[in-house]
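Report on the structure given below.
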There are 2 protein chains.
Amino acid sequence: MRSHGTDGGIAQAVLRRFNALRPLSEEDAAALEHAILEGLLRAGPGEDLIAEGDPVDSVRLVLSGWLYRHKTLEDGRRQIVNFILPGETCDAHAYLLSTMDHSITTVTPVAYAEIKRARFEQLMAAHRTLAEAFMCETALNSAIQREWIVNLGRRAAFERVAHLFCEIFERLRPVGLVDGNSCALPVTQTDLADATGLSVVHLNRTLQELRATGLIILKDRTLTIGDLDALKNAAMFPPGYLRRYQVK
Amino acid sequence: MRSHGTDGGIAQAVLRRFNALRPLSEEDAAALEHAILEGLLRAGPGEDLIAEGDPVDSVRLVLSGWLYRHKTLEDGRRQIVNFILPGETCDAHAYLLSTMDHSITTVTPVAYAEIKRARFEQLMAAHRTLAEAFMCETALNSAIQREWIVNLGRRAAFERVAHLFCEIFERLRPVGLVDGNSCALPVTQTDLADATGLSVVHLNRTLQELRATGLIILKDRTLTIGDLDALKNAAMFPPGYLRRYQVK
DNA sequence: CGTCCTCTTTAACATAAGCTAATGCCGGCA
DNA sequence: TGCCGGCATTAGCTTATGTTAAAGAGGACG
């Protein structure tokens with residue numbers, strides 16, 4: 001029965017990440033997987049999972065697929081504030097704030113697990129290590145957001161896009177979603193522009209530049225990074241950034 | 001004996017904020033205050049409290065004074081990633097990540113309380129409400145960071161600076177640090193530039209513009225906002241933003 | 001009372017990035 | 001097969017913001 005095998009079945013990505021954050025006992029892992037299987041759900045591409053202002057009464061874990069968090073100004077300007085990748089958490093402890101300060105939309109079809117507040121609290125109370133892993137996840141997310149602030153505030157377009165690509169690659173790696181030096185990049189250029197604070201036109205120009213230098217190949221929603229270190233260099237990717245993401 | 005009076009003495013700002021996040025019982029408040037008084041420390045202006053890469057083995061609460069979090073790129077470009085104001089925490093649960101991903105530097109003289117890891121964990125274990133308030137604090141900080149991403153990514157210089165001023169004002173208010181429509185703003189223009197992702201020169205231009213429209217007066221490190229609603233309007237300050245900061 | 005220092009302000013010029021609009025490309029679908 | 005709609009790409013022009021440099025302004029201090 002796969003879903004309880006060693007690979008973690010559909011919950012694999014989540015289990016891998018949490019285990020990297022805090023070594024989970026068999027029992028912790030089983031409890032988490034169980035809670036996941038209880039609340040399995042799916043969403044199509046381009047669906048709003050939750051919107052700014054909505055009440056939050058559950059925590060969601062992404063099993064597969066891409067989503068993004070975003071905020072929109074009154075006049076329509078939109079900023080993608082982060083991507084949510086397989087194995088990551090949608091609302092970790094944001095649920096403490098009772099309402100969402102941003103929206104979450106799916107990019108691709110998504111499989112996720114929804115754990116209701118009461119169930120979640122029970123799980124945390126029973127498994128200290130899981131609770132710690134969850135807090136770690138939140139802290140990590142916070143560190144990513146800080147780096148995005150630096151990216152938007154102090155990096156030029158070229159570095160900025162390069163940095164985003166390095167980051168995505170490094171975040172997909174520990175959950176087994178990179179294949180050699182390639183990974184999926186299922187977003188439109190408009191999305192990339194909204195994530196990097198650029199206009200679509202300028203984002204496109206920047207992409208051309210990145211291609212011209214031979215640092216990346218981007219085709220058919222697949223990103224290929226010939227020389228990751230070179231790209232990181234060009235991006236001024238901080239050496240220690242996302243270290244905690246790597247599986248030891 | 002002031003320090004145990006109803007005003008909370010030196011721990012006042014922290015107690016007020018935490019109490020707003022989760023209503024604290026007398027006992028919770030006393031325990032928190034006690035922990036604070038145990039670990040009282042001071043730092044001068046312009047001091048590095050902790051630097052990127054340093055190990056984290058305690059949580060610090062700011063009792064008075066301003067600090068900022070910042071990251072610097074190899075070539076010296078610096079981004080201030082947030083300000084830390086009285087009543088706020090320095091590292092809430094970042095201590096779970098064991099090393100700092102950014103640096104913290106004081107702006108003014110600062111009084112703070114340092115709670116060592118073991119002591120902190122003991123406190124959290126004994127007082128569920130305090131633990132929740134701490135998590136709330138982290139979540140709130142995360143929401144602020146997301147808004148900063150929007151600010152840097154999608155707002156023009158004028159709105160961006162206006163937004164920062166509104167935010168600071170709203171964050172100082174609940175801890176009693178605004179006086180009518182004025183508050184302290186003890187940072188240099190270089191700092192403001194590094195916080196808004198602008199060059200000093202352009203920041204200065206923007207400040208002139210803000211003054212010219214009569215939206216703000218900034219003189220002697222004091223910010224005066226004639227019409228907060230007008231400023232928020234100009235800044236596209238989201239209506240619900242920082243709602244959780246307000247004392248009910 | 002002058003000198004140094006840090007911070008602010010201004011000017012003149014350079015450029016990265018935005019905007020508008022047209023064109024190309026491709027896959028879905030009638 | 002041919003039209004439509006969403007994306008990607010390119011061109012041409014505009015503008016916000018960066019850069020360099022120099023000059024005030026005020027406080028600390030010998």
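In what follows, chains carry the letters A, B, and so on, assigned in the order in which the sequence lines appear, proteins first and then strands, with residues in each chain numbered from 1. Fair warning: this is a prediction, and the values are worked out from it, not measured in the lab.
One interatomic measurement links the two molecules: CG of A:Leu192 to P of D:dT9, which rounds to 11 Å at whole-angstrom precision. Following rounding to the nearest Å, B:Gln189 (CD) and C:dT9 (C1') show an atom-to-atom distance of 8 Å. Per the geometry, CG belonging to B:Asp191 stands 14 Å off P belonging to C:dT6, to the nearest Å. Going from atom CG of B:Leu185 over to atom P of C:dC7 covers 14 Å, rounded to whole Å.
Residues from residues 146-166 of chain B lying near DNA chain D, meaning a heavy-atom separation below 4.0 Å, are B:Ala156, B:Ala157 in numerical order. Of all the residues in residues 200-226 of chain A, A:Val201, A:His202, A:Arg205 reach under 4.0 Å from DNA chain C with at least one non-hydrogen atom.
In the helix from C:dC1-D:dG30 to C:dA30-D:dT1, the terminal helix axes, each the rotation mapping four pairs' C1' atoms onto the next four within five end pairs, subtend 30°, rounded to 10°.
Side chains of A:Arg205 and A:His202: a donor-acceptor N/O pair is present below 3.5 angstrom, by distance only. In this structure, a donor-acceptor pair under 3.5 Å is present between the side chains of A:Glu167 and A:Trp148.
The pair B:Arg155-B:Glu147 meets the salt-bridge criterion, since a charged nitrogen lies less than 4.0 angstrom from a carboxylate oxygen. Salt bridge present: A:Glu170 and A:Lys232 bring a charged side-chain N and a carboxylate O closer than 4.0 Å. Classification of A:Asp191 and A:Arg78 as a salt-bridged pair holds, one side-chain N sitting under 4.0 Å from a carboxylate O. A salt bridge is absent between B:Glu52 and A:Arg146: the closest approach of a Lys/Arg side-chain nitrogen to an acidic carboxylate oxygen does not fall below 4.0 angstrom.
In this structure, A:Phe169 CZ and A:Thr224 OG1 are separated by 9.0 Å, a value rounded to the nearest 0.5 Å. Atoms NZ and CZ, from A:Lys219 and A:Arg211 in turn, are 10.0 Å apart once rounded to the nearest 0.5 Å. Interatomic distance, CG of B:Asp57 versus CD of B:Glu114, reported as 7.0 Å (0.5 Å rounding).
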Criterion side-chain contact (heavy atoms from CB on, under 4.5 Å) on B:Glu159 and A:Leu73, from CA distance to verdict: CA-CA 12 Å; B:Glu159 308 163 302; A:Leu73 300 183; 5.6 Å; no
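Note on A:Gly46: nothing from the nucleic acid sits closer than 4.0 angstrom, heavy atoms only. Nucleic acid contact for B:Ser199: base, since at least one base atom lies under 4.0 Å from a heavy atom of the residue.
Counting heavy atoms from C-beta outward, B:Phe83 and B:Leu164 have side chains that approach closer than 4.5 Å.
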